[in-house]
**Student:** 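I'd like to ask some things about the structure below.
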Amino acid sequence: MTRPAPTEDINEDDLEVRAPKKAAAGVKAVTVALERGIAQAGVARTVRSMLRVNQHNGFDCPGCAWPESITGKRSPAEFCENGAKAIAEENTTRTVTPEFWAAHSIAELETRTDHWLGNQGRITEPVVIRPGDTHYSPISWTDAFELAAGHIRATTPERCVFYTSGRTANETAFMYQLFARSVGTNNLPDCSNMCHESSGSAMNPTIGIGKGTVSLEDIHEAELVFVVGQNPGTNHPRMLSALRDCKNNGGKVVGVNPLPEAGLMNFKDPQSLTGVAGHGTTIADEYLQIKVGGDLALFQALGHLLLEAEKENPGTVVDHAFIQAQTQGFEEYVSARSTLDWAETEKASGLGKDEITRIAGMMAASKATIICWALGLTQQPHSVDTLREIINLLLLQGNFGKRGAGACPVRGHSNVQGDRTMGIWEKPKEALLAALDKEFGISTPREHGYDSTEALQAFELDNVDVFVGMGGNFAAANSDTGPLEAGMKRAGLTVHISTKPNRSHVVHGRTSLILPTLGRTDTDDKHPGGRQFLSVEDSMSVVHSTQGRLQPVSDHLLSEPVIIARLAQATLGDDHAVDWRPMAADYDVIRDHISRVIPGFEDFNARIRTKNGFVLPNPPRDTRTFATATGKAAFTVSPLEYLEPPAGHLILQTIRSHDQYNTTVYGLDDRYRGISEGRRVILVHDDDLSELGFKDRDLVDVISTFRGADGQSSERRADRFQLVAYPTAKGCAAAYFPEANALVHRELVARESNTPGFKAMTIRFVKHSPR
């Protein structure tokens, strides 16, 4: 039975703490998935959507980007608990109508959490707030487009920012970047800037591609898989099935993470007898509870030990033939890794020499190794160096272009990789711009635009007149929350193309529009040619179709391609070289354009209609070749660097709870970690609590310190958190985002990628004092 939207918000005084779980999934995952779906959408709507998620001719889950099999049979239930929650949020029959906006002022809504806002339901029609207004009120689509277009025309292109999240489909992303560049700007920040930008910054120069070099079948066939800086049990649970299959095929798994995550310990597959009635599958054969930021030290030590093992048994560990034929920089790498300071390595990583040596032995024995990683490695000042060290290890043993081997950055949001493929990037390559110019007869801008961090700084400097958000929740997702929100409120216009209310809607510009759009599960059939479909790219470069079949909750919703086309038409006029109307009428027209602009998408319309879609070219995987500047893969050398807090401080990383996806908070039960009914918590090792003079459940204010390049020290503060004694790595702490984002100084970023340092905050605690 469906439940109404909540009226009460989170009460942190209700926080409950239990012992962490030691296994993930099981029957509980199934019951929670069904309960959430039925509560939001009822039985019939929930069942209809569940039967079509991640199926052929169905819709792609709006959650994570983990792939489905393209060679084997898919499960009838090809989704996980958190995917079911994401679908339930979109399927909901709760609605946010004009009456809702009339009843709730911005002053009130600004005090609400994203959990409360998101659980109010789907937005049913466009609304606007103008200077001096206290509430959003309805506006027609035509008037909304004219209002937005007027603001864009009244300013200059460099003062416009076009943000997008990974929910956006390929066709939408292509149109969106085309619109921004037609306006005259490359200000195209996206959620990738805040998560895996470091991966691309490390991989493109070293192996010639910023994407993973493995397939789902490679995971199954690997002899050894590293799972580093990620929590698949919560963030991409279907990965656990792939790791289980790897184990069943004789492979081994090494988990590397500061927190003891249940999914990396044991997986109880709810679709198997052993998962329901048995003990499940032990996932990690070895679990290294590393310090936050200590991974570079670990990988350098492993490289040293592999080279030592090769000396002892020449020709058994290092792939010399591959290195000589396909790489450069090997001699410099060998020289750099010839010695190792074990005392500093142990201090940096928090691991013992015996632990690291044991893992090196597993690597030396493996003939097919995959290293997977996620945000635990990408959001620190030395992230790019850390990821280059991973590439070094894979090159050392020739782990490219063979079955069961390669690099696997595990992308988060469903189409974040596809958005980048389609040209959502503030630093576009000349080849893309030249192809757009040729296809459409336009002149795209060449000057690089703002990434997410630079957009934050532009807001702070009052350099943004128009902000358009294609999905996402920019205010909550980015760092340095206080200055960002203040800057957004000073902007002339903010436009949010959204399905549900979120924080960004209530820290809006002087004028603000919310334009409600269809979701992945909604049918899109208001076109001259009938029902349309879109496409997405998963984390392993497979492009396939996605088509919703549920009746939208409102007749006033428009699809994202239609919204972009009408906004572009209103802004640029009928005389512009790009003809937007045919693209809005028939998405095949968009795909035809893509086929002539984006490499790998030739004959797009025919190939996307095949059963499993198609796989994009990947030279390291397909031909063991590397499209770098020299045509060879590159070994690199980086100095040892790690995060070392001063006395009285800890290193803080932000994490998701099991009941959220990015900034969308589904509920308040982080059950694998034993935390429920609250979110303003800091997980701290019991020994650290004692040494710092605090105890479990103390109420504190958290202060982060940051020293900039000019030597000046700055502080950020977040009030009223409860300390929770938890078995994290000593010297480290963890807190949920976006609650802890205010502690990340805008200049605390990964070098080269400019990704915010969400895993690198130096913090201290003071007793909470109400202000």
Side-chain angles (χ1 to χ4, degrees), residues 2-12 32-33 35-41 45-46 49 61-64 81-97 100-101 103-104 106 108-124 127 136 165-167 191 234 412-414 469-478 481 485 496-508 512 514-522 552-554 557 656-670 676-680 736-739 741:
T2 58
R3 290 198 291 266
T7 56
E8 299 299 319
D9 211 329
I10 301 172
N11 183 349
E12 296 290 342
V32 169
E35 287 171 358
R36 295 294 178 84
I38 293 169
Q40 290 271 8
R45 198 169 167 90
T46 296
S49 60
C61 178
C64 79
E81 174 193 344
N82 276 358
K85 292 175 185 175
I87 295 162
E89 290 274 315
E90 186 173 290
N91 283 354
T92 185
T93 55
R94 300 172 186 170
T95 54
V96 174
T97 64
F100 170 88
W101 300 112
H104 299 283
I106 289 297
E108 177 203 341
L109 293 175
E110 196 174 352
T111 67
R112 298 292 193 172
T113 66
D114 264 304
H115 172 251
W116 188 92
L117 290 169
N119 271 282
Q120 298 309 301
R122 293 284 297 272
I123 304 168
T124 60
V127 290
Y136 277 104
S165 81
R167 182 178 61 82
C191 58
T234 286
H413 215 159
S414 169
M470 175 62 71
N473 184 357
F474 187 74
N478 216 332
T481 310
E485 291 188 354
H496 300 284
I497 302 167
S498 305
T499 57
K500 305 181 75 176
N502 65 47
R503 178 71 180 173
S504 295
H505 300 158
V506 299
V507 291
H508 54 77
S512 182
I514 304 176
L515 308 180
T517 186
L518 298 175
R520 286 272 179 88
T521 60
D522 294 324
V553 295
S554 168
L557 307 183
R656 292 177 185 164
S657 84
H658 189 64
D659 232 357
Q660 76 177 98
Y661 194 81
N662 295 340
T663 58
T664 302
V665 180
Y666 304 134
L668 301 176
D669 188 10
D670 193 6
S676 63
E677 302 309 316
R679 291 185 53 83
R680 297 185 73 83
Y736 299 129
F737 76 88
E739 287 80 0
N741 287 13

**Student:** I need the Thr111 OG1 to His104 NE2 distance, nearest 0.5 Å.
**Tutor:** 10.5 Å
**Student:** Salt bridge or not for Glu81 and Arg36, using N-O below 4.0 Å?
**Tutor:** no
**Student:** To the closest 0.5 Å, what do you measure between CG (Asp114) and CZ (Arg503)?
**Tutor:** 7.5 Å
**Student:** Does some side-chain heavy atom of Pro501 sit less than 4.5 Å from a side-chain heavy atom of Ile123?
**Tutor:** yes
**Student:** When you compare the side chain of Ser512 with that of His496, does any pair of heavy atoms fall below 4.5 Å?
**Tutor:** yes
**Student:** How far does SG of Cys191 sit from CG of Asn662, to the nearest 0.5 angstrom?
**Tutor:** 7.0 Å
**Student:** Using a strict 4.0 Å threshold on nitrogen-to-oxygen distance, state whether Glu89 and Lys500 make a salt bridge.
**Tutor:** yes
**Student:** Checking Glu12 side chain against Arg680 main chain: does a donor-acceptor pair fall under 3.5 Å?
**Tutor:** yes
**Student:** Atom CD of Gln660 and atom CG of Leu668: how far apart are they, to the nearest 0.5 Å?
**Tutor:** 10.5 Å
**Student:** Should Asp659 and Tyr736 count as side-chain neighbours, where that means a heavy-atom distance under 4.5 Å?
**Tutor:** no
**Student:** Side-chain contact test, heavy atoms from C-beta onward, threshold under 4.5 Å: evaluate it for Arg122 versus Asp522 and give yes or no.
**Tutor:** yes
**Student:** Please answer whether the main-chain N or O of Arg3 pairs with a side-chain N or O of Arg94 as donor and acceptor at a distance below 3.5 Å.
**Tutor:** yes
**Student:** Whether the Asp9 and Thr113 side chains hold a donor-acceptor pair (N or O, under 3.5 Å, no angle test) is what I'd like checked.
**Tutor:** yes
**Student:** Please answer whether the main-chain N or O of Ala475 pairs with a side-chain N or O of Ser504 as donor and acceptor at a distance below 3.5 Å.
**Tutor:** yes
**Student:** Can you see which heavy atom on Gly83 is nearest to which on Cys61, and at what distance?
**Tutor:** CA-SG, 3.6 Å
**Student:** For Ala5 versus Gln120, what's the shortest heavy-atom pair and its separation?
**Tutor:** CB-OE1, 3.6 Å
**Student:** Quickly, which of Thr124, Thr517, Leu518, Thr521 forms a side chain to side chain contact (heavy atoms under 4.5 Å, CB included) with Pro552? Name it, please.
**Tutor:** Leu518
**Student:** Can you check side-chain hydrogen bond (donor to acceptor under 3.5 Å, both in side chains) on Thr499 and Arg167, steps first, answer last?
**Tutor:** CA-CA 11 Å; Thr499 57; Arg167 182 178 61 82; 5.2 Å; no
**Student:** Can you tell if the side chain of Leu515 reaches within under 4.5 Å of the side chain of Ile497, non-hydrogen atoms only?
**Tutor:** yes
**Student:** Using distance alone, with no hydrogens and no angle criterion, decide if Asn91 and Ser49 have a side-chain donor and acceptor under 3.5 Å apart.
**Tutor:** yes
**Student:** Can you confirm if the NZ or CZ of Arg656 lies within 45° of the ring axis of Tyr661 and under 6.0 Å from the centre of its six-membered ring?
**Tutor:** yes
**Student:** Do Asn502 and His505 come within less than 4.5 Å of each other through their side chains, counting heavy atoms only?
**Tutor:** yes
**Student:** Do the charged groups of Arg679 and Glu739 touch, with an N to O distance under 4.0 Å?
**Tutor:** yes
**Student:** Assess the side chains of Gln40 and Asn119: does a donor N or O sit below 3.5 Å from an acceptor N or O?
**Tutor:** yes
**Student:** Just jot down the ring pair (Phe, Tyr, Trp, His ring centres under 6.0 Å) partners of Tyr136, sequence neighbours excluded, or say none.
**Tutor:** Trp101, His508
**Student:** Hey, are the side chains of Phe474 and Thr663 touching, using non-hydrogen atoms and a 4.5 Å cut-off?
**Tutor:** no
**Student:** Going by atom types alone, do Arg45 and Thr2 pair a side-chain donor with an acceptor below 3.5 Å?
**Tutor:** no
**Student:** Compare all side-chain heavy atoms of Lys85 with those of Thr664 and state whether any distance is below 4.5 angstrom.
**Tutor:** no
**Student:** What pair of heavy atoms forms the shortest contact from Thr93 to Ala41, and how long is it?
**Tutor:** CG2-O, 4.1 Å
**Student:** Under a 3.5 Å distance rule, please check whether Trp116 uses its side chain to pair with a backbone N or O of Pro6 as donor and acceptor.
**Tutor:** yes
**Student:** Would you please say whether a donor-acceptor pair under 3.5 Å links the side chains of Asp669 and Ser676?
**Tutor:** no
**Student:** State which residues pass ring pair (Phe, Tyr, Trp, His ring centres under 6.0 Å) with Phe737; sequence neighbours excluded, sorted by chain then number.
**Tutor:** none
